[in-house]
Amino acid sequence: MSDLPINPLVLIGVGSSFAFSGLFYNLYQAKKEELRKLNEIPIFKPDQHLLKLLKAATRNRLQYIAVEGQVQPDGEPLASEFVPRCFGVVQKISEEEHWEYWNSLTKTWNSRKTNRNQTNHTVPFSLVAPGGYTNLGTHDVYVKVQNPLEATGLDLDRVHYRMRRAAEGGLSGAVLQGLSGERAVAKEESEEMLRVGATVTGFGELVLEADAVAGGRGMRLQAPQDGRPYILVPTDYKSYVARHESSASLWKTLAVACGAVGTTVLAGTLYNLLKKQDDK
């Protein structure tokens, strides 16, 4: 290998740099295309303008739009089980036990998680224009959100997290389990919620509620029938787009950086090789 004019490790490094540059560039192009499609989606607020537009549309249906509004329950909201005066419309409670078991080969305690239990609750809710979430009963226009748990992108806000040790949590039989080669260590519990008043942007199909056809003020956001994704994100539209732009910029920067490193190393290697040949 010493007879080779170029160190194989240098060739591997240069090849890896160009390979990563190509990978990051493809990711950048995919994110750029996703961003282009995102910018083509019309964005609306739950207001009279949207209601009039929907009533004038064919079959009172807008196939794929974005609606940004604030969360308001249609009835009684969900109350947090751990945080006083904390209310929401979607609730996820998770519990998981942490155990240790004795490994006789390594003479150590190894950890594992078990008995994971998760419960999801939701109540009907709507999106209303900013400032209208305190009095939905008198608000002009609202957009009901259908089957929110079927949508993607709905990251809930963690309102409670606690790791209870075995003694604190009252896990029975800890001593006997320790003697048998297993012992309970802790119990992890968390609660996540989509809070009342939170800003949500939904992407989907918009149709008129039955009462709106007869002069009511309700619309409904649902999963599109043409196969496009049904998305609910707990943020405003501009922030959602900015997050995609930031991701695209990151992939572009990494592609350029890896390409520059590979080009610089290759150019330096070729320069040194030509210089050695000239010296000879």
Side-chain angles (χ1 to χ4, degrees), residues 1-41 43 64 66 92 94 96-114 116 118 151-158 161 163 185-186 188 190 192 199 201 203 224 227-280:
M1 294 181 63
S2 59
D3 296 334
L4 293 176
I6 301 178
N7 191 329
L9 295 179
V10 174
L11 294 178
I12 293 175
V14 171
S16 299
S17 296
F18 287 136
F20 278 113
S21 179
L23 172 63
F24 294 142
Y25 181 76
N26 287 333
L27 292 173
Y28 162 68
Q29 288 294 336
K31 180 59 68 172
K32 185 179 179 181
E33 177 64 17
E34 183 180 349
L35 188 59
R36 182 190 65 80
K37 293 180 180 179
L38 181 61
N39 287 324
E40 292 178 350
I41 301 172
I43 173 69
Y64 202 72
K92 181 188 297 183
S94 302
E96 192 171 36
E97 293 182 4
H98 293 247
W99 286 69
E100 288 183 343
Y101 65 93
W102 179 254
N103 190 324
S104 59
L105 297 178
T106 61
K107 306 299 181 182
T108 57
W109 288 95
N110 296 329
S111 62
R112 63 183 175 90
K113 297 181 179 181
T114 186
R116 179 175 177 82
Q118 180 174 298
T152 60
L154 188 58
D155 296 326
L156 304 180
D157 182 23
R158 177 184 283 184
Y161 177 82
M163 180 75 76
V185 178
E188 180 181 355
S190 65
E192 299 173 307
T199 298
T201 303
F203 298 83
R228 281 184 281 188
Y230 182 34
I231 303 173
L232 292 175
V233 289
T235 184
D236 59 272
Y237 177 79
K238 288 184 178 180
S239 298
Y240 184 66
V241 173
R243 190 168 64 188
H244 279 70
E245 291 175 342
S246 177
S247 179
S249 178
L250 173 63
W251 294 130
K252 181 179 180 180
T253 301
L254 290 174
V256 172
C258 289
V261 170
T263 302
T264 301
V265 174
L266 180 61
T269 302
L270 293 177
Y271 174 79
N272 292 333
L273 181 61
L274 294 176
K275 186 177 180 181
K276 289 182 180 179
Q277 290 180 349
D278 291 341
D279 292 342
K280 291 181 179 180

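Computed from a predicted structure; not experimentally measured. Start at 1 with the first residue, then count along the sequence.
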- Work out which heavy atom in Val241 is nearest to a heavy atom in Leu38; give both atom names and the distance. CG2-CD2, 3.8 Å
- Mind listing the closest non-hydrogen atom pair of Pro224 and Pro229 along with its distance? CG-O, 4.0 Å
- Task: Kindly say whether Ser17 contributes a backbone atom to a donor-acceptor pair with the side chain of Ser21 at under 3.5 angstrom?
- Result: no
- Task: Could you tell me which non-hydrogen atom of Tyr237 sits nearest to which non-hydrogen atom of Asn39, and how far apart they are?
- Result: OH-CA, 4.0 Å
Report, one line per pair, each donor and acceptor closer than 3.5 Å where one atom sits in a side chain of residues 244-261; sequence neighbours left out.
from	atom 1	to	atom 2	distance (Å)
His244	ND1	Tyr240	O	3.1
His244	NE2	Glu34	OE2	3.2
Thr253	OG1	Ser249	O	2.9

- Between OG1 on residue Thr201 and CG on residue Leu232, distance to nearest 0.5 Å: 9.0 Å
- Query: Taking all atoms of both residues into account, what is the closest heavy-atom pair of Gly262 and Val14, and its distance?
  - Reply: O-CG1, 3.9 Å
- Query: How far apart are the closest heavy atoms of Asp155 and Pro234, and which atoms are they?
  - Reply: O-CG, 3.1 Å
- OH/Tyr25 to NZ/Lys32 distance, rounded to the nearest 0.5 angstrom? 7.0 Å
- If you measure from OG1 on Thr108 to OH on Tyr101, what distance do you get to the nearest 0.5 Å? 8.5 Å
- Output for pair (Phe20 CZ, Leu27 CG), nearest 0.5 Å, gives 11.5 Å
